[in-house]
S.K.: 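What follows is a structure written as structure tokens; I'll ask about it next.
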2 protein chains.
Amino acid sequence: MEQESKELRKAGLKVTHPRMRILQLFEEGGVRHLTAEDIYRRMLDNQEDIGLATVYRVLTQFEAAGIVVKHNFEGGQAVYELDRGEHHDHMIDVDSGKVIEFFSEEIERLQNDIADKHGYVIEGHSLVLYVRSKGGRRG
Amino acid sequence: MEQESKELRKAGLKVTHPRMRILQLFEEGGVRHLTAEDIYRRMLDNQEDIGLATVYRVLTQFEAAGIVVKHNFEGGQAVYELDRGEHHDHMIDVDSGKVIEFFSEEIERLQNDIADKHGYVIEGHSLVLYVRSKGGRRG
DNA sequence: CTTGATGCAAATAGTTTGCACTATA
DNA sequence: TATAGTGCAAACTATTTGCATCAAG
């Protein structure tokens, strides 16, 4: 509560009900990767009267403020997660939809080398592995 | 012409005017990465009476047939390119929109290692570097 | 000639925006 | 209490689909 309002103020955002609720949802640690719809539904379930448009607006502001990171995985909806500072990439289990995070210093280095070799500097990157469990496809 | 109709038939697709025109556009080698809109506009410019819905349908069929690969880069529109068999990843110049292709065996290997270590097998992956020219941002 | 393919318009999905109203600083 | 924030509905963008018509085999 204290923590969250401080974070919002630090980002230059008024401490409003929707912003607090959404930030808390991310910080309470349950699920890490949420779509706007996910958040909207959870707000509804919690009797919070927050509109979907507000969810989108808040997420956009959070992203701009570096509170949250947006990912455009396959499947239409954008996915948001708290920005914990430590960059990582994602693996998505195509059967269950589960999102696994990983980080490879070597891959990061290789990416930089490649960009450099072409005369570029990396501004951002997106690496997503769509995977399937070795055990067996269904469950 | 011969080449294209053979390719369509091989994919089990009737050799129709829209399909031929779109396939030819990809094979004539000018631009490699095209959105549905890009294709639709070029058809209009060439006095071809092909609807946007048809462009989408043909692209979907081409993708299913492995004639074309679809990429979901940032920026809304999906981008399609001819499937030349040789897998590669992409670098996008954020200033000019230019798409540069690259391939790194090492990155591919590392990706497989990582997936493997987590008990998964890679079904597909997407790696895009958003880059900026070292020379200077504008031009 | 038969059925898959097409063009058009309407439908959809995800997200954004205009506007009158509400709540924070 | 002034202004940024909100909810709602309408707008928008990218893509898909229904349907009557057309054309490839």
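Just so it is clear: chains get the letters A, B, ... in the order the sequence lines come, proteins before strands, and each one is counted from 1.
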S.K.: How close or far is atom P of dT15(D) from atom OH of Tyr80(B), stated in whole angstroms?
M.R.: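 Value for this atom pair: 6 Å.
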S.K.: Check every strand shown and say whether Ala36(B) touches a base, only sugar-phosphate, or nothing at a heavy-atom separation below 4.0 Å.
M.R.: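 No contact at all - Ala36(B) keeps every heavy atom at 4.0 Å or more from the nucleic acid.
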S.K.: What nucleotide among dG7(D), dG7(C), dT16(C) has an atom nearest to a side-chain atom of Thr60(A)?
M.R.: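 Nearest to the side chain of Thr60(A) among the choices is dT16(C).
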S.K.: Where the side chain of Ile50(B) is concerned, which of dT6(C), dT15(C), dG7(C) is the nearest nucleotide?
M.R.: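 Minimum distance to the Ile50(B) side chain belongs to dG7(C).
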S.K.: Got a second to check how far Leu25(A)'s CG is from Ile39(A)'s CD1, nearest 0.5 Å?
M.R.: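 If I round to the nearest 0.5 Å, the distance is 6.0 Å.
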S.K.: Pair Glu108(A), Glu105(A) - check side chain to side chain contact (heavy atoms under 4.5 Å, CB included), show working.
M.R.: CA-CA 5 Å; Glu108(A) 300 290 320; Glu105(A) 220 158 289; 5.5 Å; no
S.K.: In whole Å, I'd like the distance from the CG atom of Leu44(A) to the P atom of dT6(D).
M.R.: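 Atom CG in Leu44(A) sits about 16 Å away from atom P in dT6(D).
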S.K.: Can you tell me whether the side chain of Arg57(B) and the base of dG4(C) have a donor-acceptor pair closer than 3.5 Å?
M.R.: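 Counting by modelled atom types and ignoring angles, no donor-acceptor contact under 3.5 Å is found here.
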S.K.: I would like to know whether Ile114(A) and Gln111(A) meet side chain to side chain contact (heavy atoms under 4.5 Å, CB included); could you show each step before the answer?
M.R.: CA-CA 5 Å; Ile114(A) 291 163; Gln111(A) 286 176 170; 5.8 Å; no
S.K.: Report yes if the distance between the aromatic ring centroids of Phe73(B) and His71(B) is under 6.0 Å, otherwise no.
M.R.: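 Under 6.0 Å, so yes.
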S.K.: In whole Å, I'd like the distance from the CZ atom of Arg41(B) to the C1' atom of dA14(D).
M.R.: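 The distance from CZ of Arg41(B) to C1' of dA14(D) comes to 13 Å, rounded to the nearest Å.
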S.K.: Examine dA14(D): is either OP1 or OP2 under 4.0 Å from a nitrogen or oxygen in the side chain of Thr35(B)? Give yes or no.
M.R.: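 No, because none of the side-chain N or O atoms of Thr35(B) sits under 4.0 Å from OP1 or OP2 of dA14(D).
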S.K.: What is the distance, to the nearest angstrom, from the CG atom on Leu52(B) to the C1' atom on dC8(C)?
M.R.: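 About 11 Å, once rounded to whole Å.
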S.K.: Using a cut-off of 4.0 Å on non-hydrogen atoms, how would the nucleic acid contact of Arg19(B) be classed: base, sugar-phosphate, or nothing?
M.R.: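 Sugar-phosphate, no base atom in range.
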S.K.: Closer to the 5' end of DNA chain D via nearest nucleotide, is it Tyr40(A) or Glu37(B)?
M.R.: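 In this pair, the answer is Tyr40(A).
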S.K.: Tell me the interatomic distance from Glu48(A), atom CD, to dT6(D), atom C1', rounded to whole angstroms.
M.R.: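 Taking atom C1' of dT6(D) as the reference, CD of Glu48(A) is at 14 Å.
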S.K.: Quickly work out the Leu13(A) CG to dT3(D) P distance and round it to whole Å.
M.R.: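 So the two atoms are 19 Å apart, to the nearest Å.
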S.K.: Does Asn72(A) or Asp49(B) map to a spot on DNA chain C nearer the 5' end, using the closest nucleotide for each?
M.R.: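 Upstream on the strand: Asp49(B).
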S.K.: Establish, with yes or no, whether the OP1 or OP2 oxygen of dT16(C) is under 4.0 angstrom from a side-chain nitrogen or oxygen of Tyr56(A).
M.R.: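 Checking Tyr56(A) against dT16(C): no side-chain N or O falls below 4.0 Å of OP1 or OP2.
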S.K.: Among dA5(C), dA9(C), dT6(D), which nucleotide has an atom closest to any side-chain atom of Thr16(B)?
M.R.: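 Looking only at heavy atoms from C-beta outward on Thr16(B), the closest nucleotide is dA5(C).
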S.K.: Under 4.0 Å between a side-chain N or O of Thr54(A) and OP1 or OP2 of dG5(D)?
M.R.: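 It does not, given that no N or O in the side chain of Thr54(A) lies less than 4.0 Å from OP1 or OP2 of dG5(D).
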S.K.: Can a donor-acceptor pair under 3.5 Å be found between the side-chain atoms of Arg9(B) and the base atoms of dG25(D)?
M.R.: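 By the distance-only test, no, there is no pair.
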S.K.: Does Arg21(A) contact dG5(D) through a side-chain donor or acceptor facing the base, at a distance under 3.5 Å?
M.R.: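 Under the 3.5 Å cut-off, the side chain and the base do not form any donor-acceptor pair.
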S.K.: Rounded to the nearest Å, what distance is computed from the CG atom of residue Leu8(A) to the P atom of nucleotide dT24(C)?
M.R.: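 Taking atom P of dT24(C) as the reference, CG of Leu8(A) is at 13 Å.
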S.K.: In whole angstrom, what separates Gln77(A)'s CD from dT12(C)'s P?
M.R.: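 Rounding to the nearest Å, CD of Gln77(A) and P of dT12(C) are 17 Å apart.
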S.K.: As a test of reading the structure: which of dT24(C), dA24(D), dG7(C) is closest to the side chain of Lys14(B), going by heavy atoms?
M.R.: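 That would be dA24(D).
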S.K.: So His87(A) and Glu101(A), side chain to side chain donor-acceptor pair (under 3.5 Å) or not? Walk me through it.
M.R.: CA-CA 10 Å; His87(A) 163 74; Glu101(A) 303 177 350; over 6 Å; no
S.K.: Under 6.0 Å between ring centres, would you say that holds for His90(B) and His125(A)?
M.R.: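 Between His90(B) and His125(A), the centre distance exceeds or equals 6.0 Å.
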